[in-house]
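Take a look at the structure below.
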Amino acid sequence: MRKSHVFVGVLLLVAAVLAVGCAKPPQMEIDAAKAALTAAEQVEAPKYAAEAWDKAQQGMNAVNAELEAQNAKFALFRSYTKAKQLIADASNAANAAKDAGIAGKEKAKNDAMAAIDAAKAALTAADGLFAAIGKCPRARGAKEVKKDLGTVKGNMDAMKAQVADIDAKFAKEDFFGAKAAADTLKGQVDPVAKDLEGIKTKFKCK
Amino acid sequence: MALAALLVSCSRHPLPNVDGARRAARNAIQAVRPAAPKKARLIEQLVALAEVATAAEAAAPWWEGSVGRTEAAWLRVVRAAREATATVRAAQSQARGAYATLYPEVRNEVVRAQAEIGEAGMDRREAAAMQQALMSLKLAEKLAEAGRHQQAIEELREARDGAGVVHRAWGALHARLGEPSNLRQWKQWAEMTIEESLRAGDTAILVDKLRRRVTLYRAGRPVAHFPAELGANGLRRKEHSGDRATPEGMYRVVQVKEPPETRFYKALLINYPNDEDRMRFALGQRRGSISARAGIGSLIEIHGDGGEGRDWTDGCIALTNEDMDRLFAHVRVGTPVTIVGTYGR
């Protein structure tokens with residue numbers, strides 16, 4: 001009798017130890033994965049890296065599903081091996097989405113900046129040509145040039161005024177809008193600059 | 001008994017197939033995200049909850065499970081996806097339609113404004129507005145091509161505003177040319193000039209700015225008409241130096257120029273400013289409508305090198321060289337030259 005009591009007691013003890021020592025959800029890793037996803041969202045990954053974001057989101061869903069599946073089991077039968085792998089994959093995907101979001105936004109910003117710089121450079125160059133023609137007596141005195149210079153000046157003043165609008169779009173992080181506006185402005189400046197270049201060459205202005 | 005318990009606990013309810021709902025959610029997120037990122041995020045969150053519900057259902061023993069929970073979760077997903085997609089598509093369709101309606105109207109306004117500026121000349125304000133209108137129209141086209149119709153509509157409105165500035169200036173200019181008091185004044189000047197030509201049996205020149213026409217009178221009868229080109233702001237009344245407007249008033253030829261006295265083939269210098277011009281200039285400066293630093297201007301001529309088909313001078317009246325030759329044959333120092341906005345004949 002005593003022996004059977006001892007045996008049952010030992011069995012219960014083993015069971016208790018097993019239950020306590022059984023797998024627990026890897027909470028730190030789960031929190032880290034969630035933080036990584038939040039970080040990706042904060043750098044606007046859904047906007048600038050939609051595909052990578054979707055993968056990260058799906059990864060997190062798989063983690064949550066696996067955790068839920070394990071939690072539904074009896075404690076002794078739970079195993080978080082698969083969950084740990086899924087968490088690692090989800091973290092990697094979230095970090096990749098964050099990096100892609102940062103890179104995507106940076107690219108959009110750089111593309112817009114390049115377009116704005118090109119438009120400003122074109123305006124500066126046209127301005128320089130206009131000033132050179134203004135100092136060139138041969139060109140200034142030529143009747144066909146005199147006719148148009150006033151009109152060109154007015155148009156250039158108006159084009160310069162549009163730069164502020166473009167800068168405002170860029171400041172609001174409307175990179176697509178800023179780029180489109182800058183490209184359009186450059187498209188207007190280029191033919192004016194070409195005409196001015198022609199006049200400068202024709203009259204051999206300095 | 002343990003084995004029986006184990007077998008029983010392994011049995012599960014069959015789960016509904018949710019692949020269709022997953023696909024619908026994915027498609028909706030992609031479609032909705034660019035225009036409505038918050039709606040897309042909501043769908044993502046509902047999908048996350050539904051996946052958890054599905055996993056819980058799949059793992060629950062038969063006595064705990066309730067398939068209805070899974071179905072309800074995915075039903076919420078599908079509803080949210082449908083609503084978001086329908087809302088965004090309706091908005092996009094409306095924007096596309098509104099753009100398609102507005103674009104031709106605005107394009108016509110801008111084209112009209114370009115013609116008006118070409119016809120009436122412009123100062124810096126109208127030049128800036130015209131440039132803004134052209135740029136906004138081009139930008140609207142670019143944005144519409146990229147499917148951003150709402151932003152394109154905003155740019156079309158900017159273009160219309162710019163064209164509106166030009167229209168109003170043109171309207172004000174032409175209103176001046178139709179004002180009864182102005183018409184009476186111009187008619188009086190024209191009749192006085194023609195009367196003088198008749199009495200003296202001599203020549204006189206009458207310039208109709210609105211019609212862009214120079215008429216040579218001899219003994220009170222018109223003998224020739226010549227198309228003319230005015231200052232770049234020619235239809236305005238000249239107020240000061242550099243405004244590129246063509247003056248209005250009764251003048252006379254004070255100098256007849258041939259090369260090398262003129263760069264414009266041949267020229268007839270008139271006595272602008274006359275006394276009335278000086279009085280108006282002084283009044284304008286006193287009132288502040290003319291800058292204290294401005295000069296009244298001078299060297300207004302009828303000269304050659306015209307034929308551009310547009311107003312381009314600094315205020316002078318340009319004829320073709322052929323027409324200058326014909327005019328030259330009949331004028332001399334002292335010939336009356338009267339410039340009016342417009343007159344009847």
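All chains are named by letter (A, B, ...) in the order of the sequence lines, taking the proteins before the strands, and each is independently numbered beginning at 1. Since we're looking at a predicted model, the values are computed, not measured. Just so it is clear, the values below take in all heavy atoms, side chains as well, and ignore hydrogens, waters and symmetry mates.
Chosen from A:D157, A:N64, A:D54, the residue pairing most often with chain B at heavy-atom distances under 4.5 Å is A:D54. Between chain A and the options B:M135, B:E51, B:K138, the largest number of non-hydrogen pairs under 4.5 Å is found for B:M135. Between chain B and the residues A:A158, A:A161, A:G177, the most heavy-atom pairs under 4.5 angstrom are made by A:A158.
For B:Q151, the part lying near chain A is the side chain, with the backbone staying farther off; criterion is any non-hydrogen pair under 4.5 Å. Of the two parts of B:L49, neither the backbone nor the side chain holds a non-hydrogen atom closer than 4.5 Å to a non-hydrogen atom of chain A. With a 4.5 Å cut-off on non-hydrogen atoms, A:K160 does not touch chain B at all. Interface remark: A:N71 contributes no atoms to any contact with chain B (heavy atom separation under 4.5 Å). Contact annotation for A:Q70: neither backbone nor side-chain heavy atoms come within less than 4.5 Å of a heavy atom of chain B. If you measure heavy-atom distances from B:R26 to chain A, the contacts under 4.5 Å come from the side chain alone. Contacts between B:E141 and chain A at a heavy-atom distance below 4.5 Å are absent for every atom of the residue.
A salt bridge is absent between A:D31 and A:K34: the closest approach of a Lys/Arg side-chain nitrogen to an acidic carboxylate oxygen does not fall below 4.0 angstrom. Ion pairing between a basic and an acidic side chain is recognised when a charged N comes within 4.0 Å of a carboxylate O; B:D305 and B:R263 show no such pairing. Between B:D243 and B:R236 there is no salt bridge, since no side-chain N of the basic residue sits under 4.0 Å from a carboxylate O of the acidic one.
Each of A:K47, A:K109, A:E44 was checked for a side chain to side chain contact (heavy atoms under 4.5 Å, CB included) with A:E173, and the lone residue meeting it is A:E44.
For the 3.5 Å distance criterion, the side chains of B:E126 and B:W170 fail to qualify, holding no donor opposite an acceptor.
Using the six-membered ring where Trp is involved, B:H303 and B:F264 have ring planes that are parallel, under 30° apart on the 30 and 60° scheme.
Other residues, nucleotides and ligands contribute at most 12 non-hydrogen atoms within 6.0 Å of the NZ atom of A:K98.
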